[in-house]
Protein chains: 2
Amino acid sequence: MRHDSRLSRMLHVLIHMDRHDGSITSDNIAKMLNTNPVVVRRTMAGLRNAGYVRSDKGHGGGWILARPLEEISLLDVHQALGRPEMFAIGIAIDHPDCLVEQSVNAALTDAFDAAEQMLLSRFAEVTLSDIARDFDLRFRNLTERPARTV
Amino acid sequence: MRHDSRLSRMLHVLIHMDRHDGSITSDNIAKMLNTNPVVVRRTMAGLRNAGYVRSDKGHGGGWILARPLEEISLLDVHQALGRPEMFAIGIAIDHPDCLVEQSVNAALTDAFDAAEQMLLSRFAEVTLSDIARDFDLRFRNLTERPARTV
DNA sequence: AGTCATGTAACTTATTCTATTACGTATCAT
DNA sequence: ATGATACGTAATAGAATAAGTTACATGACT
């Protein structure tokens with residue numbers, strides 16, 4: 001199955017933006033993520049619409065954080081990306097009238113709904129500043145052998 | 001993202017097999033699931049290897065339950081299918097050396113691992129006989145307006 | 001005016017689940 | 001024995017979709 005990696009990538013970008021003075025262009029972000037600037041704009045558009053980043057055109061333009069990391073949770077980013085489907089396992093709906101299928105799907109839906117609720121509430125509890133703090137920790141633990149921060 | 005519907009389909013089939021005298025051919029199962037007999041054999045192969053069903057060749061052959069529904073949990077079926085990936089959201093690994101990426105991925109992995117654990121333990125608690133019981137309930141509730149059981 | 005940067009539609013590519021084809025093997029009925 | 005039935009499986013094709021690319025428009029700064 002193909003994974004949607006936008007959440008991971010956007011978190012990565014947002015934290016880099018926080019550690020960066022001024023704005024960053026889509027081109028630079030694209031290089032950072034090994035992807036294409038158009039993909040960056042497309043994905044960041046959701047974050048902009050939700051008010052977490054701002055984009056400016058022209059000289060000196062690019063992307064800049066519109067809110068502090070403390071005020072952005074994983075859930076916020078997930079929702080800004082359009083609440084993409086979380087599960088790779090789905091229910092079959094070939095025979096919606098079949099009571100066996102209904103029972104099977106009810107059991108599966110119950111389980112997946114509960115897991116999704118758990119994930120979402122966990123996402124709500126973690127802010128980007130939490131992740132940034134974890135980064136600082138890792139950074140301090142590796143001062144003798146610096147790692148890339150791209 | 002594309003959903004893996006094998007779990008849902010196999011549960012559906014197993015319960016029908018329990019309510020069916022004798023064996024069922026891959027052709028019949030395929031019609032039941034709106035799919036192809038080769039797909040059925042391929043998917044059921046996992047269940048056979050795990051000992052939940054048996055397959056017989058030749059006249060009168062086909063598939064038959066090898067164990068009672070009480071002894072098959074959702075987790076058993078999931079594992080028999082090869083423990084397919086559960087989440088449609090994944091982490092980016094473009095820069096494994098980047099500490100920011102590491103922190104982001106650690107946060108996401110924590111959350112997804114916890115959700116997966118929860119799902120698996122829930123799967124372990126539900127047996128196919130539980131689902132069959134739910135089916136019986138739905139069936140009784142609809143005697144005045146029979147529904148398809150295909 | 002010219003350059004830089006985003007906005008977005010349209011199209012292509014890559015990946016992967018599903019479906020199909022083709023052929024092999026085992027079993028049963030006659 | 002022999003033909004029909006049914007599974008086993010490799011190889012290939014199809015379909016859905018996330019990601020990548022091209023092309024062009026719009027806005028902003030110098």
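Note that the structure is predicted; figures quoted are calculated from it, not measured. Letters go in sequence order (proteins before strands), and every chain restarts at 1.
- When rounded to the nearest whole Å, the span between CE of B:Met44 and P of D:dG8 equals 10 Å.
- Residues B:His3 and B:Ser8 fail the side-chain proximity criterion, which asks for heavy atoms closer than 4.5 Å.
- When only modelled atom types and interatomic distance are considered, B:Ser103 and A:Arg138 share a side-chain donor-acceptor pair under 3.5 Å.
- The residue among B:Val38 and B:Lys57 whose nearest nucleotide of DNA chain C is located toward the 5' end is B:Val38.
- When the C1' atom of D:dT17 is taken as reference, atom NE2 of B:His3 falls 11 Å away, rounded to whole Å.
- Checked by distance alone, B:Arg42 brings a side-chain donor or acceptor within 3.5 Å of a matching partner on the base of C:dT20.
- Backbone-only engagement by B:Asn34 is indicated by non-hydrogen atom pairs under 4.0 Å involving sugar-phosphate atoms exclusively.
- Taking only side-chain nitrogens and oxygens, A:Ser55 comes nearer than 4.0 Å to OP1 or OP2 of C:dG7.
- A:Thr35 has a side-chain polar atom (N or O) that falls below the 4.0 Å cut-off from OP1 or OP2 of D:dG20.
- Between B:Ser26 and D:dA6 there is no side-chain polar atom (N or O) within less than 4.0 angstrom of OP1 or OP2.
- Mapping B:Gly62 and A:Gly58 onto DNA chain D by nearest heavy atom places B:Gly62 closer to the 5' end of the strand.
- Between the side chains of A:Arg48 and A:Ser55, a donor-acceptor pair is found at a separation under 3.5 Å.
- With rounding to whole Å, A:Ile29 atom CD1 is found 12 Å from C:dA5 atom C1'.
- Looking at heavy atoms from C-beta onward, A:Leu69 lies out of side-chain contact with A:Ile131 at the 4.5 angstrom threshold.
- The CZ atom of B:Arg9 sits 8 Å away from the C1' atom of C:dT18 (whole-angstrom rounding).
- Atom CG of B:Asp56 is separated from atom P of C:dC28 by 8 Å (rounded to the nearest Å).
- Within 4.0 Å of A:Arg54, counting heavy atoms only, lies no atom of the nucleic acid at all.
- In the set D:dA19, D:dG8, D:dT26, the nucleotide with an atom closest to the side chain of A:Asp4 is D:dA19.
- A:Arg6 places its CZ atom 13 Å from the P atom of D:dT17, with the value rounded to the nearest Å.
- No salt bridge links A:Asp27 with A:Lys31; every basic N to acidic carboxylate O contact stays at or beyond 4.0 Å.
- Residue B:Arg48 contributes atom CZ, which lies 14 Å from atom P of C:dA26 at whole-angstrom precision.
- The CG-P distance, from B:Asn36 to D:dA6, rounds to 16 Å in whole Å.
- Each of A:Arg41 and A:Ser5 was assigned the nucleotide of DNA chain D with the nearest heavy atom; the assignment lying further toward the 5' end belongs to A:Ser5.
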